[in-house]
Amino acid sequence: MSINLQQLKQTQLSLANQVRLSDDFNELINFIGGTDVGFEDGGNITRAAIVVLSYPNFSVVEYHVARLKTEFPYIPGFLSFREYPALLAAWQQIKQKPDLLLVDGQGIAHPRRLGIASHLGLLLDMPTIGVAKKRLCGQYETLPKQAGNVTPLLDKKEQIGWVLQSKNNCNPLFISAGHRVSQTSALKWVNLCLRGYRLPEPTRWADAIASNKSLFKKLLNEK
DNA sequence: GCGACAG
DNA sequence: ATCTTGTCGC
């Protein structure tokens, strides 16, 4: 069985047509989620973590990790086909569904406007925001290394996201709307989830849980 | 043709 | 993403 990228591109274009970039979620956020995906056994196992935090105090309410056999290779521009199955498995276990979900990776800042945040948002019919550590496409002006600076991420003349200096002297974050969230709100909510670290709290916790980092170990000791 | 390329 | 210790800078 081989992968037909031309076919998948058509699928992405069709799905991208269904993405909505107007705010369609309750402005009163009580729970906010974060996702992260990692791999084990040389990539044979995909590990997805989803965490739900209370807002605005950011305490961990619930989290789940799902491990599935990896069925798709990593191909730039087709990341979601590799990662969404495990994310869906983790999502099914979440009881307290969040009001908003921050996804690791791009939203519409994608060649065909369907990064994993947008794709997952459609599959879950959830408001999502893409939070990526690297750029996939688009161009932007160099910005000062001081936290708080922002510049548009552009593809030709179209704004596909934002480049945000989330912390001093760190590499910037690439923020873009996923689904049911406007570009303006995407940036706004990521900023509201920043607590002195490069990554917004939901993403930071999902990353810690997925990789069993010290932040997560401390949480386990408290229980 | 050449380089870029989320996780 | 992942393999991995110390180390430079804020």
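Residue numbering restarts at 1 for every chain, and letters A, B, ... go by the order of the sequence lines. Only this structure's heavy atoms are used, side chains among them; waters, hydrogens and symmetry mates stay out.
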Assign A/Ile116 to base, sugar-phosphate, or nothing according to its heavy-atom contacts below 4.0 angstrom with the strands shown. base
Classify A/Gly43 by what it touches in the nucleic acid, base, sugar-phosphate, or nothing, heavy-atom distance under 4.0 Å. nothing
Has A/Phe39 got its ring stacked on B/dG7, by the test of a centre gap below 5.5 Å and a plane angle below 30°? no
Over how many whole Å does the gap from A/Gln139 atom CD to B/dA6 atom P extend? 15 Å
Between CG of A/Asn44 and C1' of C/dC3 the distance, given in whole Å, is 15 Å
For A/Gly38, which contact category applies under a 4.0 Å heavy-atom criterion: base, sugar-phosphate, or nothing? sugar-phosphate
Where the side chain of A/Arg135 is defined as all heavy atoms beyond and including C-beta, which of B/dA6, B/dG7, B/dA4 is the nearest nucleotide? B/dA4
Does A/Lys145 have more than 12 heavy atoms from other residues, nucleotides or ligands lying within 6.0 Å of its NZ? yes
What integer distance in Å separates A/Arg112:CZ from B/dC5:P? 16 Å
Specify the residue among A/Asn168 and A/Ser211 whose closest nucleotide of DNA chain C lies further upstream toward the 5′ end. A/Ser211
Rounded distance (Å) that lies between atom P of C/dT7 and atom CG of A/Asn169: 22 Å
How are the rings of A/Phe174 and A/Tyr140 set to each other: parallel, tilted or perpendicular (split at 30° and 60°)? perpendicular
How many whole angstroms separate atom CD of A/Gln106 from atom P of B/dG7? 7 Å
Between P on C/dC10 and CD on A/Gln146, what's the gap in Å once rounded to a whole number? 14 Å
Heavy atoms only, 4.0 Å cut-off, all strands: where does A/Tyr84 land among base, sugar-phosphate and nothing? nothing
Taking only side-chain N and O atoms of A/Arg198, does any of them lie within less than 4.0 angstrom of OP1 or OP2 on C/dC10? no
When the distance from NZ of A/Lys145 to C1' of C/dC10 is rounded to whole Å, what number comes out? 13 Å
Might you point out which heavy atoms bring A/Ser185 and A/Asp23 nearest each other, and give the distance in Å? OG-OD2, 2.7 Å
Taking side chain as C-beta onward, heavy atoms only, is A/Cys193 less than 4.5 Å from A/Pro202? yes
Figure out the CG/P separation between A/Leu102 and B/dA6, and round it to whole Å. 20 Å
In terms of the angle between their ring planes, are A/Tyr63 and A/Phe216 parallel, tilted or perpendicular, with boundaries placed at 30° and 60°? perpendicular
